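Count residues from 1 along the sequence. Everything quoted here is computed from the prediction, not taken from an experiment. Atoms within each ligand, like the ligands themselves, are counted from 1 in listed order.
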Amino acid sequence: MDSLAAAPGTGPATSPLPVLRKPRPAARFEDLPTDRTLVMGIVNVTPDSFSDGGQHATADSAIAAGLRMFYAGADIIDVGGESTRPGAEDVSPEEEQRRVVPVIDALVKAGALVSIDTIHASTAAAALKAGAAIINDVAGLTMEPEMAELAASSRAPYILTHRRGDARTMNSLAEYKDVAAEVVAELAGVRDKLYAAGVSPEQIIIDPGLGFAKNDAQNWELLQNLDQLDSLGHKVLVGASRKRFLGTLLTVAGKTAAPQERDDATAAITAISAYRGAWAVRVHDVGPSLDAVKVAARMAPRTSQ
Ligand code: PMM
């Protein structure tokens with residue numbers, strides 16, 4: 001146990017976390033496994049995320065949560081400092097960076113591969129400086145086009161998430177005739193802007209953006225048509241964890257399941273996404289999803305991606 005690298009600044013000696021004695025070498029994107037779907041664990045350093053309700057509002061608790069996921073086997077830890085739930089208040093990039101940078105720094109020193117979940121290019125840049133390896137642009141370039149230049153200059157893998165509007169407007173923009181075809185077409189349009197900025201195809205990971213300007217039925221339709229996203233020729237990330245459409249599915253006696261009651265259904269979606277060849281899933285509860293990807297890899301072995 002004593003070699004378990006933890007983070008500096010994780011609190012007083014009474015902290016339940018191990019003390020960092022020796023930083024681990026930085027994890028590298030290139031070293032991620034390619035024979036199975038990857039599991040990305042979520043750490044929201046926010047007071048108001050829908051899914052983990054401000055559980056990790058301080059750096060210490062966020063670092064502890066990230067380390068637990070890392071030690072449990074998560075391949076990537078996704079750190080975010082602004083809630084993306086519909087109706088959420090904006091957070092300034094300065095406040096966002098104050099929240100996420102110490103957490104990223106600690107997780108990277110412990111040897112984790114970290115992605116930064118943000119819509120702000122300045123926060124993505126600060127995160128990369130702190131050792132994050134992946135940019136997770138939840139606004140899919142719609143908020144800050146500078147993200148494209150940052151992705152091009154840093155060469156960091158870039159998650160292009162489909163979204164319409166912002167946290168305030170997205171619910172009213174969920175109008176599609178054919179949701180899968182339109183999401184693919186809109187992602188292709190943004191992808192072309194990334195190419196024009198100098199981002200290479202291998203850097204791009206696409207994400208259907210479940211819940212971002214999609215209603216429950218549209219989320220299911222996207223999941224049923226994941227193969228259409230494959231047609232763009234990039235890695236695909238699926239982020240269904242604890243989202244509202246799962247709560248609706250699991251309604252009992254008129255009561256929607258609470259976010260924490262949606263983890264089993266999330267693991268089921270992981271199994272299906274992995275079986276269909278998704279590159280990664282983004283989840284709050286990493287253990288069941290790690291098992292699910294093992295099951296899928298056994299059922300449908302792959303040699304490389
Ligand atoms: N969902 C949320 C936040 N970030 N990033 C990606 N790439 N894909 C998603 O689906 C996604 C995301 C919202 O969920 P949370 O509040 O539980 O983090």
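In the vicinity of G239, heavy-atom distances shorter than 4.0 Å reach the ligand 1 atoms 10 (O). Listed by number with element, the atoms of ligand 1 under 4.0 angstrom from any heavy atom of I159 are 7 (N). Ligand 1 places these atoms under 4.0 Å from at least one heavy atom of L237: 7 (N). For ligand 1, the atoms closer than 4.0 angstrom to any heavy atom of N136 are 5 (N), 6 (C), 7 (N).
Between the side chains of N136 and S115, no donor-acceptor pair of N or O atoms lies under 3.5 Å. Between the side chains of T37 and R302, a donor-acceptor pair is found at a separation under 3.5 Å. Using modelled atom types and a 3.5 Å distance limit, the side chains of H234 and R191 yield a donor-acceptor pair. Side-chain atoms of T58 and S61 include a donor-acceptor pair closer than 3.5 Å.
Residues T46 and G81 approach most closely at CG2-C, 3.4 Å, considering heavy atoms. Considering all non-hydrogen atoms of both residues, A297 and R36 come closest at CB-CB, 4.0 Å.
Backbone and side-chain nitrogen or oxygen atoms of D117 are examined, and one is located within less than 3.5 angstrom of a nitrogen or oxygen of ligand 1. When only interatomic distances are considered, the shortest N/O to N/O separation between D207 and ligand 1 falls below 3.5 Å.
Between atom 11 (C) of ligand 1 and the options R282, M40, H284, the minimum heavy-atom separation is to R282.
At a heavy-atom distance under 4.0 Å, only side-chain atoms of N44, from C-beta outward, approach ligand 1.
A salt bridge is defined here as a Lys NZ or Arg NE, NH1 or NH2 lying under 4.0 Å from an Asp or Glu carboxylate O, and R242 with E261 fails to meet this definition.
Look at R242 and you'll find every heavy atom at least 4.0 Å from all atoms of ligand 1.
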